[in-house]
Amino acid sequence: MASVSAPAQTASAPLQRGIVKMVLSGCAIIVRGQPRGGPPPERQINLSNIRAGAMARRAAQGQPDTKDTPDEPWAFQAREFLRKKLIGKEVCFTVEIKIASGREYGMVYLGKDTTGENIAESLVTEGLATVRREGIRGNNPEQARLCEHEDQAKASKKGMWSEGSGTHTIRDIKYTIENPRNFVDSLHQKPINAIIEHVRDGSVVRALLLPDYYLVTVMLSGIKCPTFKREADGTETPEPFAAEAKFFTESRLLQRDVQIILESCPNQIILGTILHPNGNITELLLKEGFARCVDWSMAVYTQGAEKLRAAERSAKERKVRIWKDYVAPTANLDQKDRQFVAKVMQVVNADAMVVKLNSGEYKTIHLSSIRPPRIEGEEKNKDKDKRFRPLYDIPYMFEAREFLRKKLIGKKVNVTVDYIRAATSAGEGTPAFPERTCATVTIGGINIAEALVSKGLATVIRYRQDDDQRSSHYDELLAAEARAIKNGKGLHSKKEVPIHRVADISGETQKAKQFLPFLQRAGRSEAVVEYVFSGSRLKLYMPKETCLITFLLAGIECPRSSRNMPGGMQVAEPFSDEAMLFTKELVLQREVEVEVESMDKAGNFIGWLHIEGVNLSVALVENALSKVHFTAERSAYYKTLVSAEEACRQRKEKIWANYEEKPVEEVVHLSEEKERVANYRPVYVTEITDTLHFYTQDVETGGQLESLMETMRAEIAAQPPVEGSYSARRGDNCIAKFADGEWYRARVEKVESPAKVHVFYIDYGNREVVSSTRLAAIPPAFSTRTLPAQATEYAFAFIQVPQDEDARADVVDCIVRDIHNTQCLLNVEYSGASCPHVTIQFADTKEDVGLGLVKEGLVMVDVRKEKHLQKMVTEYLNSQESAKSARLNIWRYGDFRADDADEFGYSR
């Protein structure tokens with residue numbers, strides 16, 4: 001760049017100071033002031049009285065007539081001499097002249113005053129500039145010194161005064177690169193020396209690559225600074241903090257010697273990292289809040305993406321510059337809600353899980369920034385006749401779920417909440433989503449989301465650049481996805497997708513019937529608990545058989561959960577939720593073993609379930625969340641179940657809390673008692689059966705029953721059940737409308753059809769066949785947990801039941817006439833196979849009813865061997881002899897037992 005010599009100063013020019021920002025050429029520099037609240041003012045100073053070679057200039061873009069101008073000889077060396085000496089240094093200068101165009105000429109000294117090195121003299125001494133001798137006055141000592149230095153340089157043949165034309169000092173500058181990607185790849189990410197020639201904004205620079213003089217534009221990998229937007233009229237409007245970010249980079253890198261790692265070249269944009277002895281500008285820009293991380297270029301950053309995220313996080317926390325209004329996604333959460341340890345209870349599909357906190361609370365956690373396998377709409381609707389099951393029908397969904405299930409179920413994990421995704425309402429083609437807690441979940445130092453992505457079982461969500469709601473390990477997720485794509489894992493595989501043909505035979509009675517023998521023969525089969533409907537009702541996946549079944553726990557009666565019925569919601573029984581929670585915590589999504597014993601009419605399998613040596617039926621009974629069902633009697637687990645139930649009953653735990661123990665009926669044992677104990681108590685005989693058994697109610701609890709019935713009927717009257725809404729099942733307790741139009745508690749004994757349901761009235765002992773329209777669900781407040789069934793079955797002691805139907809009918813008629821619906825006195829004599837055997841007396845006369853039957857010759861005596869009963873047996877036998885002698889009723893033809901006892905159905 002040429003300079004003109006200044007006229008002689010008429011007065012001493014004021015001395016000014018500044019810092020050299022840039023060296024334009026061997027005789028022109030840009031000096032800036034100190035920054036105060038923003039980028040500082042700057043001015044161009046041209047060195048007076050000397051001239052240095054003009055620097056190369058590129059042809060104007062869009063003007064085909066113009067050509068690139070090369071360096072003049074020694075121009076670049078002069079510029080470099082000044083650049084290395086002055087950039088970033090403090091100088092002082094005097095402005096000697098300012099011409100009409102505004103250009104200023106003066107003297108520049110290195111340092112704070114004129115005692116420092118005179119820059120013009122240094123250039124001339126090195127032979128890098130010539131002195132403009134036109135108009136030099138002899139009385140100007142500075143000009144005279146310049147001439148002396150030039151003469152010495154000529155004599156010493158320095159710089160441009162050396163022999164030769166100086167063409168070797170002219171650079172071959174390459175302004176364009178034909179194939180930038182190949183060029184970048186050829187460097188193999190090795191650091192190359194460079195000079196930063198221009199700073200466009202905080203994260204984009206123009207660099208001269210040495211030694212081949214490629215002039216390239218480099219964008220810093222992994223970040224983006226605020227930019228200057230070009231308006232339609234050609235002016236530039238800076239975004240907030242754009243000028244500050246540009247100054248930050250300029251003041252540290254402009255015309256500095258650096259090393260650059262060219263890392264990638266997507267879409268002709270060269271991405272790189274600039275290394276300077278004083279630090280990494282990329283990290284510094286982030287740390288000071290002048291830049292934000294950029295996902296698309298972060299992946300190629302070679303110096304550790306986690307450092308950039310940490311620097312950005314630091315700026316966000318301090319709310320500096322572009323982050324001054326930043327609000328963290330988890331700002332409203334307490335520390336204990338941001339980071340916690342929890343136990344995984346359930347895996348939901350492949351990107352979420354239900355965890356149990358230390359407080360006992362359950363929480364659904366979604367894995368941050370990942371998307372589970374999904375299927376496109378066309379594929380989903382391909383087979384409309386087939387029910388769509390995401391777990392089995394979406395490719396790789398089952399593999400992803402199984403990976404998480406095997407790794408996490410029942411284990412403790414570390415949860416770090418990254419953000420809370422707000423609830424969204426349903427839009428066109430998009431479903432509504434509730435609020436979601438998204439977190440990074442680790443176990444043993446392994447990031448579960450990263451492991452899932454690396455196996456190709458999930459993909460990483462891409463975000464808008466300003467969307468801060470993302471995983472705190474987002475870059476690791478992107479890197480894991482890149483590896484999975486490169487290695488063709490899972491979703492990225494070119495192989496055929498795995499198909500899971502899983503037959504769901506839940507409720508399919510015919511299929512279940514065909515399948516039952518296989519499961520029965522298999523003994524213990526492996527299964528995975530897919531769903532828990534209630535404490536004793538589960539859905540199982542059988543991996544060997546690849547099918548889904550509904551499984552009911554055998555041997556127990558578990559409280560029922562609330563259910564949607566045709567007539568409305570059936571209210572849950574007490575402790576049903578606790579039972580379901582217990583079963584969920586113990587077996588949900590765990591690998592278990594099942595023994596199938598039978599199936600019900602609905603196609604549900606019934607049997608025993610074991611997990612790690614624990615029988616679930618026994619566990620529920622032990623925890624007072626189930627009662628033993630009579631069907632357990634024939635199983636090998638009956639004794640264990642009964643002893644567990646008895647222990648809970650004694651402690652009055654949970655379902656046994658309101659249990660009222662019935663008075664122990666004394667059954668006298670031969671070894672313990674030598675005398676019969678007569679302990680008669682008042683009872684009310686409510687029913688007599690054709691088999692000569694009878695049912696009684698305790699007079700003591702009769703008041704409780706009456707009160708319960710009144711309350712129950714009042715509630716039913718207020719909220720009548722919907723006719724036909726009740727679905728009867730064998731063994732269920734319900735309420736039934738009797739012939740008198742009143743509702744009574746009952747138990748379903750057999751279901752022939754909806755029109756023929758056999759019920760047993762549990763408080764009275766009578767049986768009836770009714771239509772299901774006369775049945776309804778029993779309100780939980782009036783179940784047997786509130787008041788046990790009041791009808792107790794007994795048989796007559798010391799009496800043989802006649803097997804001849806006519807003889808038996810005569811006895812029944814006699815008893816019905818005497819004691820039905822009357823209050824009597826009852827004493828238990830000994831136990832029987834199905835019920836206790838008792839003697840019963842009329843309340844007023846205290847006469848033995850059974851003995852009266854013997855005396856009338858209606859029945860024969862059942863001779864007992866127990867010693868303490870012999871007195872009674874003798875009395876009964878004496879009465880039998882009297883009846884025989886009088887030829888009463890069955891004895892009217894004499895003693896028939898000798899030869900034809902079998903014919904008459906009697907035995908001695």
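The analysis underlying the following values was restricted to heavy atoms, covering all of them including side chains, and did not include hydrogens, waters or symmetry mates. Computed from a predicted model, the values in this text were never measured in an experiment.
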Aromatic plane relationship, Phe738 with Tyr761 - under 30° parallel, 30 to 60° tilted, over 60° perpendicular: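 Rings of Tyr761 and Phe738: perpendicular, as their planes differ by over 60°.
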Take the angle between the ring planes of Phe398 and His500 and call it parallel below 30°, perpendicular above 60°, tilted in between. tilted
Could you note down all residue pairs passing salt bridge (Lys or Arg N to Asp or Glu O under 4.0 Å) where residues 594-605 supplies at least one of them, sequence neighbours left out?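 Of all non-adjacent pairs touching residues 594-605, those that pass salt bridge (Lys or Arg N to Asp or Glu O under 4.0 Å) are Arg524-Glu595.
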Would Arg649 pass as a cation-pi partner of Trp656, given that its NZ or CZ must be under 6.0 Å from the six-membered ring centre and within 45 degrees of the axis?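 Relative to the ring axis of Trp656, which defines the angle, Arg649 lies inside both limits.
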Between the side chains of [X] and [Y], is a donor N or O closer than 3.5 angstrom to an acceptor N or O?
| X | Y | result |
| --- | --- | --- |
| Glu646 | Gln650 | yes |
| Gln697 | Thr686 | no |
| Thr773 | Tyr726 | no |
| Gln790 | Thr701 | yes |
| Glu557 | His629 | no |
| Asn827 | Glu829 | yes |

Can you check salt bridge (Lys or Arg N to Asp or Glu O under 4.0 Å) on Glu749 and Arg730, steps first, answer last? CA-CA 5 Å; Glu749 292 196 318; Arg730 180 173 168 268; over 6 Å; no
Kindly indicate whether the side chain of [X], heavy atoms from C-beta on, has any atom under 4.5 Å from the side chain of [Y].
| X | Y | value |
| --- | --- | --- |
| Val348 | Val354 | yes |
| Tyr362 | Met345 | yes |
| His758 | Glu752 | yes |

Would you give the length of the straight line joining atom OG of Ser576 to atom CD1 of Ile655, rounded to the nearest 0.5 angstrom? 11.5 Å
Would you indicate whether Tyr531, at its atom OH, is surrounded by more than 12 heavy atoms from other residues, nucleotides or ligands within a distance under 6.0 Å? no
Could you go through Tyr830 and Phe798, starting from their C-alpha distance and side-chain angles, then the distance that decides it, and tell me whether this counts as ring-ring contact (aromatic ring centres under 6.0 Å, His included)? CA-CA 10 Å; Tyr830 53 87; Phe798 313 118; 5.8 Å; yes
Go through the steps for Tyr695 and Tyr764 under the test ring-ring contact (aromatic ring centres under 6.0 Å, His included), then give the verdict. CA-CA 7 Å; Tyr695 288 85; Tyr764 294 89; over 10 Å; no
Going by an N to O cut-off under 4.0 Å, is there a salt bridge joining Lys654 and Glu578? no
